[in-house]
Amino acid sequence: MSDFSQMLPVGTVIDGRYRIERYLASGGFGNTYEATDMKLGCHVAVKEFFLSQHSMRAADR
């Protein structure tokens, strides 16, 4: 079961380029999101390395 409080919020922009559109899935090593590559104008998958048992989000994301 996923802890949705640990997912990147929709609208988060990574590296000034990839805007998170929606959460797709989680696995043993992280989370996968659908995102928009704002430079190329296309949809991409973003894989986030996030070990849920060993990682947590900072309150000041």
Side-chain angles (χ1 to χ4, degrees):
M1 178 189 264
S2 298
D3 178 0
F4 291 104
S5 70
Q6 295 299 314
M7 302 302 149
L8 291 173
V10 169
T12 298
V13 176
I14 301 168
D15 200 27
R17 180 171 179 170
Y18 304 100
R19 184 180 61 237
I20 300 299
E21 303 297 341
R22 69 184 178 114
Y23 163 78
L24 294 175
S26 293
F29 290 101
N31 306 314
T32 304
Y33 304 90
E34 177 183 347
T36 298
D37 182 329
M38 297 185 302
K39 183 177 180 182
L40 298 178
C42 61
H43 283 57
V44 296
V46 171
K47 189 86 170 174
E48 175 190 34
F49 182 69
F50 191 89
L51 298 173
S52 60
Q53 293 179 348
H54 304 285
S55 303
M56 62 186 306
R57 299 249 181 252
D60 65 346
R61 349 173 193 202

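In this chain, numbering begins with 1 at the start of the sequence shown. As the structure is a computational prediction, the values presented were derived from the model and not from experiment.
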Handout entry: Hydrophobic cluster (4.5 angstrom, side-chain heavy atoms) - remaining members for Met38
Key = Val13
Problem - hydrophobic_cluster_shared for Val44 and Leu24, side chain cutoff 4.5 Å - result: no
Exercise for the section: Over all heavy atoms of both residues, which pair between Tyr23 and Tyr33 is shortest? Give the atoms and the distance, please. Expected result: CA-CD2, 3.8 Å
Problem - side chain to side chain donor-acceptor pair (under 3.5 Å) pairs, two or more places apart, involving residues 10-20 - result: Arg17-Asp37, Arg19-Glu21
Problem - Sub-4.5 Å side-chain heavy-atom contact between Val46 and Leu8 - result: no
Problem - All side chain to side chain donor-acceptor pair (under 3.5 Å) counterparts of Thr32, not counting sequence neighbours - result: Lys47
Practice task
With sequence neighbours excluded, give me every salt bridge (charged side-chain N to carboxylate O under 4.0 Å, His left out) pair touching residues 22-33.
Solution key: Arg22-Glu34
